[in-house]
Number of protein chains: 2
Amino acid sequence: MHIKRPEKTSPECIPNLLALRDSLELLGGKWKLLIVLHISCRPKELQHFKKLEKEITGISAKMLAKELKTLEENKIVTRTIQNTRPVTVTYALTAYGESLIPIARDLQQWGLNHRKIIKEK
Amino acid sequence: MHIKRPEKTSPECIPNLLALRDSLELLGGKWKLLIVLHISCRPKELQHFKKLEKEITGISAKMLAKELKTLEENKIVTRTIQNTRPVTVTYALTAYGESLIPIARDLQQWGLNHRKIIKEK
DNA sequence: CTGCATCCCCCATGATACTG
DNA sequence: CAGTATCATGGGGGATGCAG
């Protein structure tokens with residue numbers, strides 16, 4: 001794949017890296033993009049907390065709650081309390097949150113390819 | 001062909017999320033994508049260790065060395081020892097490493113936009 | 001069931017000193 | 001200058017209990 005690279009040092013190049021820092025600060029952990037893609041996988045189903053916890057192998061309930069809270073504060077998911085007994089909570093991607101799907105899929109694809117690259121060593 | 005499976009079993013969506021885990025495990029930290037974009041910013045210049053350390057605000061030499069080592073092991077950067085006195089070391093993106101640039105740029109762009117979104121709160 | 005508080009442990013990271 | 005080894009430490013994250 002040929003990537004076009006800038007001919008000269010762009011003045012805005014370095015400063016704008018701050019934006020990448022912002023992204024990485026929010027999304028750079030192990031879980032958030034994984035959660036986003038998990039929710040997006042089954043758009044038609046209600047994404048119960050418990051179901052997410054079971055499906056995302058290795059995450060603890062505490063972590064999941066914390067990550068979902070952060071995602072909610074950043075307008076990426078919505079949190080809905082269902083009127084069941086006992087209470088359940090469902091999560092969904094916002095329209096804005098869906099803007100992360102292409103990025104997550106690119107990373108997913110990259111990871112798929114990377115596994116091959118590394119195995120060829 | 002597509003085989004219909006009973007009940008809630010998803011298509012290949014969930015299993016493939018393992019690839020996203022791989023990517024996040026390697027790239028999910030605070031620094032690696034930032035380093036990649038830093039190096040890509042000035043393709044014509046030699047990327048000395050010391051220069052990277054100064055430009056990437058907040059990173060310690062120890063961290064930078066560790067991250068660069070991991071990137072090298074994953075074929076994303078090359079490490080070149082220069083015959084100077086005292087010895088200096090330069091880093092460059094591999095052709096493969098350049099495949100991360102579009103992803104990093106997307107994240108950067110997303111971060112730029114996200115700052116606006118959140119401020120509108 | 002969901003999510004928070006508390007306790008606690010361990011690892012990632014910083015600081016420092018040292019080698020090549 | 002680049003990188004490693006050692007030591008100290010703060011906070012991330014697990015386990016548990018409890019409240020709503």
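Here is how names work: the chains are called A, B, and so on, in the same order as the sequence lines, proteins then strands, and each is numbered from 1.
- If you measure from atom CG of A:Asn83 to atom P of C:dC1, you get 17 Å, rounded to the nearest angstrom.
- Looking at heavy atoms from C-beta onward, B:Lys66 lies out of side-chain contact with B:Lys69 at the 4.5 angstrom threshold.
- Contact annotation: B:Tyr91 reaches the phosphate of D:dG3 (side-chain N/O to OP1 or OP2, under 4.0 Å).
- To the nearest angstrom, C1' of C:dA12 lies 15 Å from CD of B:Glu25.
- Heavy-atom neighbours of A:Glu98 CD from other residues, nucleotides or ligands within 6.0 Å: above the threshold of 12.
- Within the 4.5 Å cutoff, the side chain of B:Lys30 has no heavy atoms near those of the B:Met63 side chain.
- Hydrophobic clustering keeps B:Ile76 apart from A:Leu112 (ILVMFWY residues linked when any side-chain heavy atoms are closer than 4.5 Å, directly or through intermediates).
- In the region residues 60-70 of chain B, proximity to DNA chain C at under 4.0 angstrom, judged on heavy atoms, holds for B:Ser60, B:Lys62, B:Met63, B:Lys66.
- Both A:Trp31 and B:Arg79 lie near DNA chain D, and the one whose nearest nucleotide falls closer to the 5' end is B:Arg79.
- At whole-Å resolution of the value, CG in B:Leu52 and P in D:dG3 are 10 Å apart.
- Atoms CD1 (B:Ile81) and C1' (D:dA2) sit 9 Å apart, rounded to a whole Å.
- Rounded to whole angstrom, the span from the CD atom of B:Gln82 across to the P atom of D:dA2 amounts to 10 Å.
- Residues A:Tyr91 and A:Leu71 are not in side-chain contact: their nearest non-hydrogen atoms beyond the backbone lie 4.5 Å or more apart.
- Remark: P of D:dG12 and CD1 of A:Ile59 are 16 Å apart, rounded to the nearest angstrom.
- Between the CG atom of A:Leu46 and the C1' atom of C:dC1 there is a distance of 15 Å, given to the nearest Å.
- Between B:Ile35 and B:Val77, the closest side-chain pair of non-hydrogen atoms is not below 4.5 Å.
- Between the C1' atom of C:dC1 and the CZ atom of A:Arg85 lies a distance of 11 Å, rounded to the nearest Å.
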